[in-house]
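Read through the structure below, which is laid out as structure tokens, and then see the notes.
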Amino acid sequence: MLTQAPRGTKDVLPGGSYKWQYLESKMRKAAAEAGFREVRTPVFEHTELFLRGVGDTTDIVTKEMYTFKDKGDRSITLKPEGTAGAVRAFLESNLYAEPLPCKMYYLAAPVFRYEAPQNGRLREHHQFGMECFGAKEATADAELILLAYHLLKDLGVKNLSVNINSIGCPACRGKYNEALKSFLHEHEGELCEDCRARMDRNPLRALDCKKEKCQMVVKNAPSLLDWLDDDCKAHFEELQACLKAEGIPFQVNPKIVRGLDYYTRTVFELITNTKDGPLTVCGGGRYDHLVEQLGGPEIPAVGFGMGIERVLMLLDMEGIEIPEPTLYDVFVTYMGAHRMDAFRLVQDLRQKGLKADMDHCARSLKAQFKYANKTGARVTATLGDDEVSQGVVKLRNMENREEVTVPVGEAADAVRRLEGLE
RNA sequence: GUGGGUAUAGUUCAGUGGGAGAGCGUCAGAUUGUGGCUCUGAAUGGCGUGGGUUCGAGUCCCACUACCCACCCCA
């Protein structure tokens with residue numbers, strides 16, 4: 001118990017963190033190319049932020065939040081998603097007073113949802129997310145979808161399908177909701193219990209209910225796309241035109257609804273088909289009224305979140321290898337009496353920019369070589385009686401066994417030559 | 001929250017009511033200062049927790065807990 005990570009959490013261990021760093025470097029690069037700069041916001045926020053932002057009827061808020069009282073009797077919640085915190089930071093520092101759009105991204109930000117963990121679903125997971133404030137045109141939506149798409153493609157994710165939908169603005173969605181409600185009421189008897197229960201509160205959810213009988217009903221339900229007003233329709237068409245112009249495959253999927261209340265117009269998900277079924281790896285959309293709803297000016301915005309663990313899982317399933325950096329350029333081996341000489345040589349090599357280490361466990365020379373081999377060190381540098389008395393060090397390329405003896409002071413350059421770095 | 005499965009060494013797992021094991025990994029050796037291959041040896045176990053049945057339980061029964069999987073929802 002004591003040594004077991006809490007349910008639904010996972011350690012990233014020293015032997016695996018390079019995979020995260022690899023993804024992060026790709027994400028930073030993609031973001032920078034599009035003018036997004038990093039934002040870092042707290043892991044927890046006032047509960048109120050999510051009640052008002054995410055929506056107090058959503059599953060996330062009603063049953064999945066990590067909420068607690070702090071010692072000052074404030075209700076605090078661990079972030080269940082990334083957007084609300086970004087909006088809060090944007091407002092608190094009046095970033096809307098600067099030239100817009102304001103583009104930001106967050107990297108491997110932890111988010112928490114209290115759910116039953118299973119494959120690809122954790123209670124704490126990490127998201128890469130991008131948010132763009134102050135851009136109302138569909139090119140901004142398209143830009144984000146393309147960024148996410150190209151990023152995943154570059155990483156090697158296969159079977160990626162881009163699903164887009166428009167859920168309109170509050171005005172046209174309100175009208176549609178009424179139409180959908182009356183349709184659902186007509187077919188009430190054919191719906192599952194869940195859908196009946198939530199049909200007045202959140203009728204949209206019935207559209208993506210997985211139950212077969214609900215799917216039968218919903219198939220003939222009115223489509224939101226038919227209820228979009230002229231502006232929303234034009235916006236959605238422009239988005240599609242952008243995606244077509246860039247030649248990326250996508251499909252309009254009216255069932256994409258998203259579990260967060262703040263979305264308007266564009267919603268999208270990037271879904272991969274795995275052997276275990278479809279898996280959403282990235283989801284997002286436009287939220288033109290969230291900033292205002294949280295007490296700010298009317299500023300349209302659009303963004304997405306991407307699950308880091310899910311990306312890693314997909315790469316793993318595809319058998320895509322992420323290059324693992326070498327641990328050591330050079331490993332210093334030594335005879336027992338010369339530990340201090342080895343120590344000083346290691347420090348010197350590090351000063352000269354090489355990844356260097358030595359044995360700290362009083363191992364035999366043979367064992368030191370074994371260890372060096374296991375860590376993947378490219379070169380060993382040996383200090384024995386002969387070397388120390390002559391002020392030299394014997395280098396050995398661990399791949400081709402080539403050996404060379406050089407003065408200690410020239411070790412770093414010689415290591416580089418031996419590794420073929422120069 | 002509902003249903004199913006699993007729980008034995010660091011790890012993957014065998015173990016048919018009666019001596020707690022194997023592969024991999026770790027460590028050490030195979031003569032005097034050199035790794036990968038091979039060989040030899042060693043260390044590491046409250047058999048998830050608590051009850052029960054039995055002369056005897058890792059093994060059968062019950063409860064609890066944890067983990068995995070599915071549903072729901074999502075990233």
Side-chain angles (χ1 to χ4, degrees), chain A residues 1-10 13 54 58-64 79-83 108-129 148 152 192-195 197-198 202 205 208-212 214 256-260 267-272 276-284 304-314 331-338 359 361-388 394-403:
Chain A
M1 193 65 178
L2 184 64
T3 56
Q4 188 167 47
R7 189 161 158 74
T9 66
K10 258 189 183 148
L13 297 170
V54 177
T58 59
D59 282 357
I60 288 180
V61 169
T62 56
K63 32 183 221 204
E64 296 178 358
K79 278 193 283 201
E81 56 95 52
T83 300
V111 303
F112 303 85
R113 291 181 206 168
Y114 192 88
E115 309 180 78
Q118 60 185 267
N119 194 19
R121 203 175 69 194
L122 297 160
R123 288 187 174 174
E124 180 196 33
H125 77 279
H126 299 79
Q127 288 189 6
F128 166 60
L152 290 169
C192 76
E193 212 171 303
D194 287 344
C195 286
R198 68 191 171 195
N202 200 344
R205 293 245 65 93
D208 68 347
C209 182
K210 302 293 185 296
K211 301 250 168 43
E212 200 179 330
C214 296
I256 300 284
V257 169
R258 312 287 305 146
L260 309 160
V267 290
F268 65 90
E269 288 185 17
L270 273 59
I271 303 173
T272 52
D276 302 321
L279 186 80
T280 300
V281 65
C282 174
F304 72 74
M306 182 181 291
I308 307 272
E309 283 89 347
R310 285 198 180 172
V311 174
L312 287 170
M313 194 170 95
L314 290 169
F331 192 88
V332 176
T333 59
Y334 61 94
M335 304 287 290
H338 306 298
D359 172 66
C361 309
R363 271 188 269 246
S364 69
L365 189 65
K366 186 189 183 78
Q368 292 178 41
F369 272 88
K370 269 192 183 173
Y371 180 81
N373 184 53
K374 261 176 269 197
T375 60
R378 316 271 282 275
V379 169
T380 52
T382 303
L383 290 171
D385 296 341
D386 299 345
E387 287 83 1
V388 171
K394 189 189 267 184
L395 306 181
R396 176 183 175 95
N397 180 317
M398 292 295 272
E399 263 170 69
N400 60 19
R401 300 176 174 217
E402 185 184 343
E403 285 193 347

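Chain naming here is simple, since letters A, B, ... match the order of the sequence lines and numbering starts at 1 in each.
Here, B/rC72 and B/rC64 have their C1' atoms 26 Å apart, quoted to the whole Å. The separation of B/rU49 from B/rU65, taken at their C1' atoms, amounts to 7 Å, rounded to a whole angstrom. Remark: the separation of the P atoms in B/rU59 and B/rU6 is 14 Å, to the nearest Å. B/rA70 and B/rG18 are spaced 37 Å apart, taking the P atom of each and rounding to whole Å. Using C1' as the reference atom, B/rG41 and B/rU12 are 23 Å apart when rounded to the nearest Å. B/rC60 and B/rG15 are spaced 11 Å apart, taking the P atom of each and rounding to whole Å. Comparing the P positions of B/rU16 and B/rG48 gives a spacing of 15 Å, expressed to the nearest Å. To the nearest whole angstrom, the two C1' atoms, one in B/rC67 and one in B/rA42, are 32 Å apart.
Looking at heavy atoms from C-beta onward, A/Val281 lies in side-chain contact with A/Val311 at the 4.5 angstrom threshold. Contact of the A/Phe268 side chain with the A/Ile256 side chain is not registered, since no non-hydrogen atoms from C-beta on lie closer than 4.5 Å. Between A/Met313 and A/Leu279, some side-chain heavy-atom pair lies under the 4.5 Å cut-off. Within the 4.5 Å cutoff, the side chain of A/Thr382 has heavy atoms near those of the A/Phe369 side chain.
Under the side chain to side chain donor-acceptor pair (under 3.5 Å) criterion, A/Asp385 pairs with A/His338, sequence neighbours left out. In this structure A/Glu309 satisfies the side chain to side chain contact (heavy atoms under 4.5 Å, CB included) test together with A/Trp20, A/Leu122, A/His125, A/His126, sequence neighbours excluded. Under the ring pair (Phe, Tyr, Trp, His ring centres under 6.0 Å) criterion, A/Phe331 pairs with A/Tyr328, A/Tyr371, not counting sequence neighbours. Partners of A/Thr280 by side chain to side chain donor-acceptor pair (under 3.5 Å), not counting sequence neighbours, listed by chain and number: A/Glu269.
For the pair A/Glu269 CD and B/rC74 C1', the interatomic distance rounds to 8 Å; values are reported in whole Å. For A/Phe112 and B/rA75, the CZ to C1' distance is 14 Å, given to the nearest whole Å. Rounded to a whole Å, the CD1 atom of A/Ile60 is 6 Å from the P atom of B/rA75. Look at CG on A/Asp359: it is 13 Å from C1' on B/rC27, rounded to the nearest Å. Computed from coordinates, the A/Arg121 CZ to B/rC67 P distance equals 14 Å when rounded to whole Å. Between the P atom of B/rC67 and the CG atom of A/Asn119 lies a distance of 15 Å, rounded to the nearest Å. Put simply, CZ on A/Arg113 is 6 Å from C1' on B/rC74, counting in whole angstrom units.
Taking only side-chain nitrogens and oxygens, A/Gln118 never comes nearer than 4.0 Å to OP1 or OP2 of B/rC68.
At distances below 3.5 Å, at least one donor-acceptor pair connects side-chain atoms of A/Arg113 with backbone N or O atoms of A/Pro80.
At a threshold of 4.0 angstrom between heavy atoms, the contacts of A/Leu279 with the nucleic acid are absent.
Mapping A/Leu270 and A/Gly8 onto RNA chain B by nearest heavy atom places A/Gly8 at the nucleotide closer to the 5' end. Mapping A/Arg7 and A/Thr280 onto RNA chain B by nearest heavy atom places A/Arg7 closer to the 5' end of the strand.
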Using a 4.0 Å cut-off on protein heavy atoms (strictly under), produce a 5'-to-3' string for nucleotides 30-42 of chain B with B for base contact, S for backbone-only sugar-phosphate contact, and - for none.
-> ---BBBB------
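Taking only side-chain atoms of A/Pro117, from C-beta outward, the nucleotide of B/rC68, B/rG29, B/rC27 with the closest atom is B/rC68.
A cation-pi arrangement, defined by a distance under 6.0 Å to the six-membered ring centre and an angle within 45 degrees of its axis, is absent between A/Arg123 and A/Phe112.
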For RNA chain B, the dot-bracket notation using Watson-Crick and G-U wobble pairs below 3.5 Å, [ ] for pseudoknot-type crossings and | for other-strand pairs, is (((((((..((((....[..)))).(((((.......))))).....(((((..]....))))))))))))....
